[in-house]
Amino acid sequence: MDLIALPAFQDNYFWMLHNGRQALVVDPGSAAPVLAALQQHDLALSSILVTHHHADHTGGVAELHGLTGATVYGPAHERIPEPFHRLNGGDRVQALGISFRVMDVPGHTAGHIAYFATEVDGAPLLFCGDTLFSGGCGRLFEGTPAQMLASLDALAALPGNTRVCAAHEYTLSNLRFARAVEPGNQALAEYQGQCERLREQGLPTLPSTIATERAINPFLRSREGAVVQSVRAHAPSATDEVSVFAALREWKNNFQ
Ligand SMILES: [Zn+2]
Ligand SMILES: [Zn+2]
């Protein structure tokens, strides 16, 4: 299997997985980059997996479905281009001979889902849309902090070697914020250096891994003493874990 991040718009990635003949694509916000990749690698598109309804994740779905007849899968409770198979947490999707488990991960949107496969070429694979980014998480447009915290907890509990295919290249700006939250985190400082070198070469910082995110991502570390202390210096009223998480997300929203 080949896993490719197709860059699009300002900072999106449309993830494509293919076996040399057939391909699946995740969250195609436009058709052109997908069609170019299909042609370049001589592939047929068999499946389109959608994580949530935002236009930068669904804008290419109708055209790709029309041109290729690929089967479209998406969250049961969100509006995406019809027709599509409506998925709920716990459902399974078969694509390219891989079985993906659907996870409900509300927070960024109310019906956001993620797709997890336990083994693709020796390691698990996660397509998590705009829920988990490297070093950060999605903005809370529709869900509550408690929902997002639970969603991130579920993702953090996946095996450490899970490859995290997030939908945006936000890593460097996320890591600047993460350093402000946890200036003493050595793994974070090293990871920031690695990611800066990748971006200087024009390469994606993704996929990351769940183990890396557990070590460096403040939104997966909101119960760590150092993170709690930093958050409380900004928001003294944050006491329980949900209010600490909410204050951390709020701090990031205002961080320059
Ligand atoms: Zn989104
Ligand atoms: Zn997005």
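FYI, the numbering just counts along the sequence from 1. Counting convention: from 1, in listed order, for ligands and their atoms alike.
- For the ring pair (Phe, Tyr, Trp, His ring centres under 6.0 Å) with His112, the qualifying choice from His54, His52, His53, His57 is His52, the only one to do so.
- In this structure, Ser243 contributes its side chain and Ala238 its backbone to no donor-acceptor pair below 3.5 Å.
- Every residue meeting the ring pair (Phe, Tyr, Trp, His ring centres under 6.0 Å) condition with Tyr170, not counting sequence neighbours, appears here in chain and number order: Phe133, His168.
- Here the straight-line distance linking atom CZ of Arg221 with atom CD of Glu182 works out to 4.0 Å at 0.5 Å rounding.
- At a threshold of 4.5 Å between non-hydrogen side-chain atoms, the residues Val61 and Ile80 do not count as touching.
- For the Zn ion (ligand 2), the nearest N, O or S atom contributed by His168 is named NE2.
- Annotation: side chain of Asp2 is not in contact with side chain of His41 (no heavy-atom distance under 4.5 Å).
- Excluding waters, the set of protein N, O or S atoms lying under 2.8 Å from the Zn ion (ligand 1) comprises His52 NE2, His54 ND1, His108 NE2, Asp130 OD2.
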